[in-house]
Amino acid sequence: AFPTYAASHVTAAPVPAEMRSSAFTLTVDGRPVDVAHAAANYDFVSFDVTGPAEVAITAAAAGFWDAGVDIEPWRLGLRATREGREGQTIRFRIPGPVKLAISRPEDFLNHASMFFLFADAPAAPPPPAGPKVQIVSAGVHRESLNPKSGDTIYLAPGAFVFGSLNLWNVENVKVLGRGTIVYDGPQDPDTDQGWMQKPDWHCIGAYQARNVEIDGVTCIVRSRTWSIQMKDSTGFRFDDLRVLGGNPGNANQDGMDWLGGGDTVVRNAFLRASDDDLAMEGNWDGYTEADMLRPGNDVTNVQVENSELSTSISNIVRIAWPEKIYNSSGFTLRDSDILDAGIGACGQSFGLLGLWGANGASGNHTDIHFENLFLDNWYSLAQIEQEQPAIRGVTFRNIWVLGQPPLVASTMVGDIGQVTFDNVKYGQAQVSSDAALPLDVEGGAAQPQFITAPSPSAAFAFEPRALAPGEKVVLVAQSALHAHYTWLFGDGTQGHGRVVRHRFPDAEGTELDGKNGAGRFRVLLHVEDKEGRQDWAEQDVVVVSAWKEAAPAANANEPGLAYRIFPGTWTELPDLAAQAAAPPAAQPAVLTGTSSGIEADAKGLTRYAVAWDGFLDVPADGGYSFALISRDGARLVIDGAEVAKTGPPFAQVCGSPGNAARYAVGAIGLRAGKHALHIEGLNSNGGGTPVLLWQEPGAAMTRVPESTFWQ
């Protein structure tokens, strides 16, 4: 029994005091709902809802939401409003049952403060009482769950079990309800012991188990261990699963692992891990050479659908590992959202798929399918390597990338064939070649097939390109089909029809991160024909309330940029703007020069910072998005206004040298003509010079051409 509000369609169970969060409070349709602390800096709320509802989240810290509000999955088109004198409260509407990740833009790594909202359909009632039925009531329980074959366990809403769910040599087990398992084990936080197969070592651990149904369970993982591990187990069915794992070490905390076995279906899951979200390995018995070389059992027939996946590091899907010997077949991930994919590398760069059969690894890996996926924050699409025998039949179909481009190239190395990229889209652009992906094909891998003719095909244009708040904009889908057109304008509203007219309310953007009088609205178009075939397109529309006028720049008639190199060792990008603007006589010893683009001759220096100065020639009035990609740190300033700055350097792991590539994006309204340009970049770990991208109004995100640089 838990409270039902007579005047509302919302129900929620109380959270015990020891689990309650002090960082946030929340109301749904004006009714308070308890917020729980999960792990690391993560908090979550769980309630039942039968229709649309208004959610208000108040942070305890003043100004917490000042940097913006990122509500994922982006596919839903949700947008918050910010309230209160100190910006502590955000408010938005949900359409009904949803699973959301809420944070501040570009803040999703392991130390980020993240809020997870699980609005569920009403929970099923408990099963009829019987000798094989265990009811776990609301409240705190300090014991693990150890069902026997044929048992049913019902976790009532508001039940918090501190321990594990152990499924050891059992079959025909059901674990149902809407309760929470909180796992905080004895693992060493500085070493990887999470692979071990033994009871009370994971939130859910299974060994030689068969025919298990787990429905409605939330797993909270606070220690450095794999969250859900299935060893030589088959016939698992997960529905409405929630896994939240966070540890300061940011490693060895997978979401779900199959060590042999398979025949698993995962539906409506939400996974936030500190390592691979989904990992298939034949065995894992330690790190000695004998352990690694011991052949493992095959993993077959794993299907994950209608789910949301997030990790602070590593891959969304991991298959194979150096030296491992086993086969896998029949993996499918479809109809799902990739909220946050890991960044960096562990020997191999991270990606949506990391398949790493190196250093003597052996196995056949076949029939691997990714279909109907939305990518929000991500790193690369696929890193595929196999020495022996082969990888065959890898398909990426309907991969809709929203927002950023790939930060590093994909790779195919070794005996790899029958790989297909079918309607992989960045925003509106379909990927049609290795260079467009980008993809490096090496070591005997066969050239993949690119398919770029979906039916229907979603794309759109808009006018005018220079747009102010409240001004009417006309958006036109470019394909004139007998189809259904749905628009998500990125301001929390929707429209329908091939041609729509809209007015954006402000210049703060979808994520409320607009500054400099310009904000990016993430506009999505969904097209579905009478046969049920669908396609999506995404494009930013920048709305401007304050314009930057072009400078006279009468003397800016030489192409290129001037640069100054500042020798020194910094852990983060220093602020070079004041130094670069100082008269030469006031400068420390620096190297100077000119370049056609964003490069500089450091004369053999390995640790230094660079400031480039000049002018950017803007072709037309409009709201422009600019993005930076940098490994060590970069900053972009236009007409004295900071537009984008990457986060602090993020070291790669497993001995991979250097830092991960970081991404930052911002918008500004520019009149046609030349504008003062200032770029800073740090080289502390061999990261090279920054990459500067722009999205002209109505165009794709591309590198800023050198022809626009003047000094």
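Keep in mind that the numbers below use all heavy atoms, side chains included, and drop hydrogens, waters and symmetry copies.
With hydrogens and angles disregarded, no donor-acceptor distance shorter than 3.5 Å links the side chain of Arg397 to the backbone of Glu371. In this structure, Arg662 contributes its side chain and Pro648 its backbone to a donor-acceptor pair below 3.5 Å. At distances below 3.5 Å, not a single donor-acceptor pair connects side-chain atoms of Tyr663 with backbone N or O atoms of Trp378. Checking side-chain atoms of Asp376 against main-chain N and O of Trp74 turns up a donor-acceptor pair under 3.5 Å. Not one N or O on the side chain of Lys645 forms a donor-acceptor pair closer than 3.5 Å with the backbone of Leu573. A donor-acceptor pair is defined here as one N or O able to donate and one able to accept, closer than 3.5 Å; such a pair exists between the side chain of Asp639 and the backbone of Ala676. With hydrogens and angles ignored, the 3.5 Å screen pairs a side-chain donor or acceptor of Ser410 with a backbone N or O of Ala382. Using a distance-only test at 3.5 Å, with no hydrogens or angles considered, a donor-acceptor pair links the side chain of Gln428 to the main chain of Phe460. The backbone N or O of Ala458 sits nowhere less than 3.5 Å from a side-chain atom of Gln478 that would complete a donor-acceptor pair. The backbone N or O of Gly360 lies less than 3.5 Å from a partner atom in the side chain of Glu387, making a donor-acceptor pair.
Residues passing the side chain to side chain contact (heavy atoms under 4.5 Å, CB included) test with Pro619 are Tyr624, Trp694, Glu696, sequence neighbours excluded. Not counting sequence neighbours, Asp66 has no partner by the salt bridge (Lys or Arg N to Asp or Glu O under 4.0 Å) test.
From His675, atom NE2 reaches atom CG of Asp617 across 8.5 Å, with rounding to the nearest 0.5 Å. Here Leu402 contributes atom CG and Lys425 contributes atom NZ; the two are 10.5 Å apart, rounded to the nearest 0.5 Å. Expressed to the nearest 0.5 Å, how far OG1 of Thr702 lies from CG of Leu693 amounts to 7.5 Å. To the nearest 0.5 Å, the span separating CG on Leu353 from CD1 on Ile384 amounts to 5.0 Å.
We find that Arg79 and Asp506 are joined by a salt bridge, their nearest charged nitrogen and carboxylate oxygen being less than 4.0 Å apart. The pair Arg635-Asp575 counts as a salt bridge, with a side-chain nitrogen and a carboxylate oxygen less than 4.0 angstrom apart. Classification of Asp513 and Lys515 as a salt-bridged pair fails, no side-chain N sitting under 4.0 Å from a carboxylate O.
Because its NZ or CZ atom is both nearer than 6.0 Å to the ring centre of Phe64 and within 45° of the ring axis, Arg104 counts as a cation-pi partner of that residue.
Between Phe521 and Phe504, the ring centre distance stays below 6.0 Å.
Considering only heavy atoms from C-beta on, Leu439 comes within 4.5 Å of Pro448 through its side chain. Contact of the Leu381 side chain with the Phe370 side chain is not registered, since no non-hydrogen atoms from C-beta on lie closer than 4.5 Å.
Ring geometry for Trp536 versus Trp400: interplanar angle of 30 to 60°, hence tilted.
Side chain to side chain, Ser596 and Glu706 meet the donor-acceptor criterion of an N or O pair below 3.5 Å. For the residue pair Gln348 / Asn315, no side-chain donor-acceptor distance below 3.5 Å is found, with atom types taken as modelled. When only modelled atom types and interatomic distance are considered, Asn377 and Asp340 share a side-chain donor-acceptor pair under 3.5 Å.
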Using the side-chain contact (heavy atoms from CB on, under 4.5 Å) rule, take Leu467 and Phe462 through it: C-alpha gap first, then chi angles, then the decisive distance, then the call. CA-CA 10 Å; Leu467 190 63; Phe462 66 91; 5.5 Å; no
Run the numbers on Asp434 and Asp440 for side-chain contact (heavy atoms from CB on, under 4.5 Å), then give the verdict. CA-CA 7 Å; Asp434 291 359; Asp440 297 328; over 6 Å; no
Test log, rule side-chain contact (heavy atoms from CB on, under 4.5 Å), inputs Arg520 and Val665: CA-CA 10 Å; Arg520 298 172 300 114; Val665 63; 3.5 Å; yes
side-chain contact (heavy atoms from CB on, under 4.5 Å) assessment of Leu524 paired with Arg522: CA-CA 7 Å; Leu524 305 180; Arg522 186 184 300 115; 4.3 Å; yes
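The shortest non-hydrogen separation linking Ser656 to Gly347 is OG-N, 2.6 Å.
Screening Asn250, Asp275, Asp277, Asn252 for a side chain to side chain donor-acceptor pair (under 3.5 Å) involving Ser314 leaves a single residue, Asp275.
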In a table with atom names and distances, give each donor-acceptor pair under 3.5 Å that connects a side chain of residues 605-612 to protein atoms at least two apart or in another chain.
residue, atom, partner, partner atom, Å
Arg607, NH1, Ser684, O, 2.5
Tyr608, OH, Asn683, ND2, 3.3
Trp612, NE1, Glu599, O, 3.0

